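Reviewing the structure listed below.
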There are 2 protein chains.
Amino acid sequence: MTTTEPTGSAPRRGRGRPGYDQAAILRAAVELFNRKGYDATSMGDLAKELGLTKPAIYHHVTSKEQLLSQALDDALDELTAAVTAATGDRAGQTAYERLREVVRRSVEVLVAHQPTVTLLLRVRGNSGVELAALERRRWLDDRLAALVADAVAEGALRDTVPPALVSRLLFGMVNSLVEWYSADGAYDPAMLADAITVIAFDGLAKHAA
Amino acid sequence: MTTTEPTGSAPRRGRGRPGYDQAAILRAAVELFNRKGYDATSMGDLAKELGLTKPAIYHHVTSKEQLLSQALDDALDELTAAVTAATGDRAGQTAYERLREVVRRSVEVLVAHQPTVTLLLRVRGNSGVELAALERRRWLDDRLAALVADAVAEGALRDTVPPALVSRLLFGMVNSLVEWYSADGAYDPAMLADAITVIAFDGLAKHAA
DNA sequence: CCTACCGATCGGTAGG
DNA sequence: CCTACCGATCGGTAGG
C-alpha cells in the first residue's frame, strides 16, 4: 500500500477511472464466490459487479483460480496462526486450557476473516489449488483432534465420547458460524466465543446445582 | 416398483441393457453433485459415471435441475417430517424433551439421507429451485429456533446465551455431521445422536461432581 | 408403437 | 481499460 487510494471496495465516485487494486478485486470475487458458488461465478459476473469489462479484470488478475488460491491462503494462514499459537507448548498450560483457547482464537479468525474462511469450508477438491487447500485443512484438523485427545487423556473431558468425534462436533459447531454470521449483526466475537465454549464445555442444560 | 429388477445403483452385469431407473440415476447424480459441486458437474460427467451416453440420461430425466429438485425435496420432506413429529403438541412433553427428540430425529435423518441433506446444506439460491428449497429450510430453522426459545422460557436451558444463537450453534453442530459422516464408518446413528445431545446439553467438561 | 439407447450436433456461453 | 475474438465445453435434442 504505497498509494493514497481509499482501501474500501467501492470505486471512487465522480470522474476518472474507478481504480481498483488487486485486493479490492479479490474482496469482490470472494463475496461473489460465496454468494453463488465458485463454479457458478463467471469472470463476467465479477466484471459486472465491479463495473468493469471482463478483460479489464485480467489487467489485475492472472486467472480465476489465482483469486481462489489467494483467498484460501488468507484463511489457511490465519487459522494456522491461531492453532499454532494456542497449541504450542506453553509452560503450565493444560491441554484443556489450550483447547479452550484454540476455540476462542478460531472464532476470532472466523469472524475477522469470514469471507475467506467460508470459501475454504466449501472447497471440494476439484483442482490442484483446492486439493492443496484441503491438505492444509487436514493438517489443522489433525492438530485439533490431537489436542482434544490430550485433554481427554488428561482427565479434563468426559471419555464417554470418542475424542475424534468430539473434535469433529466441536469444530463443526465453531465452523457453522460462517453460515450465518455477518459483521453487521448483533453478536461480537468475544461474546460468540463465550457462547460456544459455554455450550460445548459446560452444556446448555441447567443442572440442579 | 413393479419389476423384479435389482434396486441397487449398479447396472446388471453381463449381457443386455444396464437398465437404470430414475432412482438409480438420481442417486448417482447426487453423489457427483456432492463430490464436485452441482455447477461443476456436467451431464456428461454423470453419463460417464453411469456408463451411458448423455442423450441416454435424458431418456430418464428431463433436466439437470430436475435431479437437483428431487434430491432437495427428499431431504426437505424427511427433515420436515422429523421436525413436525417432534414439535407437535404432545401431552406431557416439555419443550426441553421435544428439543432433545428433534435433535435425535435430525441426526437419524442426516445419517439415513446424508447425500441429499448434504446437497441441501450447500444450496446457495442460484435458481428458482434453490430459492424454493432455501425457503423451506428457513421454515424449518424458524421452528427449531422457536422450540429452543420455548425451552429457555421453560427454565430448562441456561438463559445466558440468546436463544436464536443457541439454535444456530446447536443445529450447526448437528448439520456438520454431513461433512464427514460416511455410512461405512464406525459410528452408528444412535451413538451419534447420544454424543451430540451429551455435548450440547451436558457439556464436554468433567465437572467436580 | 414401445423401451432403451447411440452418434452427432444444436444454440449459447465459459475462461482467457 | 475496450473491442473483438479463440478453443472447449456447457445443457439439451435431433433423427434413427
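From a predicted model like this one, the values you see are computed outputs, not experimental measurements. So that the names make sense, note that chain A is the first sequence line, chain B the second, and so on, each numbered from 1.
The separation between B/Gln22 atom CD and C/dA4 atom P is 12 Å, rounded to whole Å. The CD atom of B/Glu65 sits 8 Å away from the P atom of D/dG12 (whole-angstrom rounding). Rounded to whole Å, atom P of C/dC6 lies 11 Å from atom NE2 of B/His59. Here D/dC2 presents its C1' atom at 11 Å from CG of A/Leu52, a figure rounded to the nearest Å. Rounded to an integer number of Å, the gap from A/Gln66 CD to C/dG15 C1' is 14 Å. A straight line from CG of A/Leu32 to P of C/dG15 spans 12 Å, rounded to a whole angstrom. Following rounding to the nearest Å, A/Lys64 (NZ) and C/dG15 (P) show an atom-to-atom distance of 5 Å. The CG-C1' distance, from B/Asp45 to D/dG12, rounds to 15 Å in whole Å.
Spacing of C1' atoms, C/dG12 relative to D/dA8, comes out at 13 Å, to the nearest Å. On the P atoms, D/dA4 is 22 Å away from C/dG16, given to the nearest whole Å.
For A/Tyr58 and C/dG16, the shortest distance from a side-chain N or O to OP1 or OP2 is below 4.0 Å. Taking side-chain N and O atoms only, B/His60 has no distance below 4.0 Å to OP1 or OP2 of C/dT3. Considering only side-chain N and O atoms, B/Thr53 lies nowhere under 4.0 angstrom from the phosphate OP1 or OP2 of C/dC5.
Residue-level contact check: A/Thr41 touches the backbone only, with heavy atoms under 4.0 Å from sugar-phosphate atoms and none from bases.
Contact annotation: side chain of A/Lys54 to base of C/dG15, donor-acceptor pair present below 3.5 Å.
No side-chain N or O of B/Asp77 forms a donor-acceptor pair with one of B/Thr80 less than 3.5 Å apart.
You'll find that the side chain of A/Pro55 is closest to D/dT3, out of D/dC10, D/dT3, C/dC6.
For the pairing with A/Leu99, the side chain to side chain contact (heavy atoms under 4.5 Å, CB included) check across A/Leu157, A/Thr87, A/Asp150 returns one residue only, A/Leu157. Each of A/Leu32, A/Leu46, A/Thr62 was scored for a side chain to side chain contact (heavy atoms under 4.5 Å, CB included) with A/Leu67, with one residue passing: A/Leu46.
Between A/Trp180 and B/Phe171, the ring centre distance reaches or exceeds 6.0 Å.
Taking a cutoff of 4.0 Å between a charged side-chain nitrogen and a carboxylate oxygen, A/Arg104 and A/Glu108 qualify as a salt bridge.
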